[in-house]
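Naming: A, B, ... by sequence-line order, numbering from 1 per chain.
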There are 2 protein chains.
Amino acid sequence: MSYLIELRHFKYFLAVAEELHYRKAAEKLNISQPGLSRQIKQMEEILEVDLFVRSKRKVTLTAAGEYLKGEVEFILNHLEVTKKQLKYVSQGDFGEVRIGFLGSAMQELIPKLLINLKDKFPGIRTSLEEVSNNAQINALLKDRLDMGFVRLSRVPDGFNIKPVYEDTFSVVLPEQYPLSSQNFKDVSQLSKENFILFSQDYSPLYYDTIMSICEDAGFTPKVSHKSVHAHTIFKLVENNLGVAIVPTSLQYGFQMKVKFIELKNIPQKAVLSMVWKEDNRNPALRHCVNLLLDEASNAN
Amino acid sequence: MSYLIELRHFKYFLAVAEELHYRKAAEKLNISQPGLSRQIKQMEEILEVDLFVRSKRKVTLTAAGEYLKGEVEFILNHLEVTKKQLKYVSQGDFGEVRIGFLGSAMQELIPKLLINLKDKFPGIRTSLEEVSNNAQINALLKDRLDMGFVRLSRVPDGFNIKPVYEDTFSVVLPEQYPLSSQNFKDVSQLSKENFILFSQDYSPLYYDTIMSICEDAGFTPKVSHKSVHAHTIFKLVENNLGVAIVPTSLQYGFQMKVKFIELKNIPQKAVLSMVWKEDNRNPALRHCVNLLLDEASNAN
DNA sequence: GGTAATTAATAACTATGAGTTATCTAATAG
DNA sequence: CTATTAGATAACTCATAGTTATTAATTACC
């Protein structure tokens with residue numbers, strides 16, 4: 001009997017936890033089914049914990065197995081990252097920062113950050129991925145991202161969050177709509193319109209904020225469509241299917257037959273925040289975070 | 001040649017990185033020096049990175065090695081934590097204990113309990129709520145709390161009660177009051193004063209105890225005010241509206257212009273007891289209770 | 001209800017590679 | 001210039017991961 005857990009065990013465990021099927025998992029791992037069975041069993045013996053329930057013909061995770069699955073995902077992933085970073089370090093580079101972002105952060109903030117980063121730390125590589133708010137938090141948890149840009153007011157324990165960009169909101173109207181910055185007074189003029197918004201799941205904060213803007217103007221908006229893509233929202237507005245309220249910076253980067261009217265005189269702002277995990281060990285991340293913090297403080 | 005890194009490699013690597021001496025590291029690991037040498041070398045081959053510089057007779061870490069050391073420390077540690085947590089999860093030790101308490105328990109006992117709990121059962125979450133004696137009993141009955149800290153002598157059937165903290169009483173006087181620990185003899189010196197007490201509903205035991213203290217001193221106190229908050233009581237004393245007798249530990253945690261004189265020589269003590277329902281099924285509660293019982297018995 | 005198919009576990013075997021002992025080379029200390 | 005101490009090399013062994021073959025048990029299907 002072996003006395004120690006090895007990474008092999010974790011890899012095997014993860015395969016079974018994902019497939020919930022020994023033969024298929026074994027196939028995926030390119031080993032035989034009995035070998036896999038024995039390794040998993042051994043693992044349970046070493047850890048002194050049941051990980052799977054093999055009742056009848058079904059394999060299911062126990063509570064402990066469920067927990068371990070999450071941890072193993074994290075550990076194996078962290079290991080991959082470490083290996084990669086190790087190469088960079090050995091070459092005298094700083095490594096890679098994996099950044100997640102909402103589409104609306106791409107208009108201005110991210111490009112600026114990247115240019116700055118390239119300038120000050122040419123050794124730091126970046127990878128960029130457009131991900132929703134919640135998916136970013138998840139990815140950060142599992143160490144699949146180092147840093148995110150989200151529109152959230154609160155984040156789980158262990159996370160740092162820092163507002164980095166404040167934007168006004170703008171009303172988005174079809175081009176031929178009989179309102180313009182000249183005769184526009186406030187949002188209440190749109191109280192009879194259908195609203196097209198980013199879906200609540202995608203960004204609860206955004207959703208609540210829009211609601212509060214309308215409430216302040218004395219009405220509850222009829223929401224006819226929800227989407228997760230600015231492009232879709234604009235397309236719907238273009239086709240007279242409703243009006244929208246979005247962060248102003250989204251007006252750049254799209255070619256649509258819609259017009260923007262900036263809501264300069266309302267207190268609500270679209271706040272984009274940088275999030276990262278407190279205990280992230282990526283040395284390149286520190287530089288990246290500091291760069292943005294410096295910038296934010298200089299801007300004031 | 002092996003193709004994959006295993007945890008063994010990490011453990012070996014860490015030993016060498018710490019000792020910077022193969023033979024000593026091998027000894028520590030209870031393996032032979034050549035075996036260790038080969039594993040480290042293999043590790044370098046797999047990772048395709050030099051981790052040590054073996055110049056002459058000295059072993060030193062490369063930059064990459066230095067980086068990896070930090071990561072390996074993190075990973076191995078994370079692993080230990082995970083293994084521990086896993087046991088807890090499998091035993092159902094994850095979960096929440098809802099604790100009710102009197103304000104006066106917060107000064108010392110509760111913080112200590114929480115620290116201990118966090119240490120021994122990091123998976124157990126706690127929720128804390130300041131509730132009066134009777135409300136705690138009610139909440140326990142309704143299963144809105146798992147555990148309470150009360151000053152009561154008796155509890156209904158089906159409840160367990162266990163004294164966990166014994167405190168002396170102290171007289172609370174306005175700062176400029178013409179009595180101090182020097183010239184204070186006993187409570188009878190206060191027989192003409194108005195008394196400010198915790199209300200009878202809030203804690204019958206407390207109320208009766210104060211009465212018995214005064215009776216023992218040969219007088220029946222005039223009670224001018226009753227309150228459920230220590231803060232209020234102290235505020236009233238501060239403003240010369242009367243004197244009070246409270247558990248001594250309440251003197252910490254408030255900033256007031258009042259002075260405490262401890263009643264060391266009377267038999268009455270302020271007893272804080274832990275209460276919980278006999279048939280509570282919360283497995284996390286068991287741990288919590290045992291922790292406190294152990295502690296109480298160790299203290300004796 | 002009985003046969004076929006599919007599951008994971010068990011048993012017996014094999015072969016890879018971790019770890020062993022013995023030895024070598026090289027550097028410093030005294 | 002030996003004696004000592006370092007890590008690397010070489011040859012061996014042995015534990016065990018992973019193999020094939022089989023069993024046991026459940027479900028699916030006619």
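Summarising the geometry, the separation between CD on A/Glu45 and P on C/dA9 is reported as 12 Å, rounded to the nearest angstrom. Atom P of nucleotide D/dA17 and atom CG of A/Leu4 are separated by 11 Å, given to the nearest angstrom. Taking atom CD of residue B/Glu6 and atom P of nucleotide C/dT16, one finds them 18 Å apart after rounding to whole Å. When rounded to the nearest whole Å, the span between NZ of A/Lys11 and C1' of D/dA17 equals 14 Å. Distance, B/Ile31 CD1 to C/dT21 C1': 14 Å, rounded to whole Å.
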Strictly under 3.5 Å: I want the nitrogen or oxygen pairs between protein and nucleotides 8-10 of chain D, one per line.
from: D/dA8; atom 1: OP1; to: B/Arg54; atom 2: NE; distance (Å): 3.1
from: D/dA8; atom 1: OP2; to: B/Ser37; atom 2: OG; distance (Å): 2.8
from: D/dA8; atom 1: N7; to: B/Gln33; atom 2: NE2; distance (Å): 3.1
from: D/dA8; atom 1: N6; to: B/Gln33; atom 2: OE1; distance (Å): 3.3
from: D/dT9; atom 1: OP2; to: B/Lys41; atom 2: NZ; distance (Å): 3.1

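Comparing atom distances between the A/Ser32 side chain and each of D/dG18, D/dG7, C/dA18 picks out D/dG18 as nearest. With C/dT20, D/dT19, D/dG18 as the candidates, the nucleotide lying closest to the side chain of A/Arg8 is D/dG18. In the set D/dG18, C/dG19, C/dA8, D/dG18 carries the atom at the smallest distance from any side-chain atom of A/Gln39.
Between the CD atom of A/Gln39 and the CD atom of A/Glu6 there is a distance of 10.0 Å, given to the nearest 0.5 Å.
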Got a list of side-chain donor-acceptor pairs under 3.5 Å for residues 146-160 of chain A, not counting sequence neighbours?
from: A/Asp146; atom 1: OD1; to: A/Arg98; atom 2: NH2; distance (Å): 2.8
from: A/Asp146; atom 1: OD1; to: A/Asn280; atom 2: ND2; distance (Å): 3.1
from: A/Asp146; atom 1: OD2; to: A/Arg98; atom 2: N; distance (Å): 2.9
from: A/Asp146; atom 1: OD2; to: A/Arg98; atom 2: NE; distance (Å): 3.0
from: A/Asp146; atom 1: OD2; to: A/Arg98; atom 2: NH2; distance (Å): 3.4
from: A/Asp146; atom 1: OD2; to: A/Asn282; atom 2: ND2; distance (Å): 3.1
from: A/Arg151; atom 1: NE; to: A/Ser104; atom 2: OG; distance (Å): 3.3
from: A/Arg151; atom 1: NH2; to: A/Ser104; atom 2: OG; distance (Å): 2.8

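Using a 4.0 Å heavy-atom distance criterion, A/Phe52 is classed as making no nucleic acid contact.
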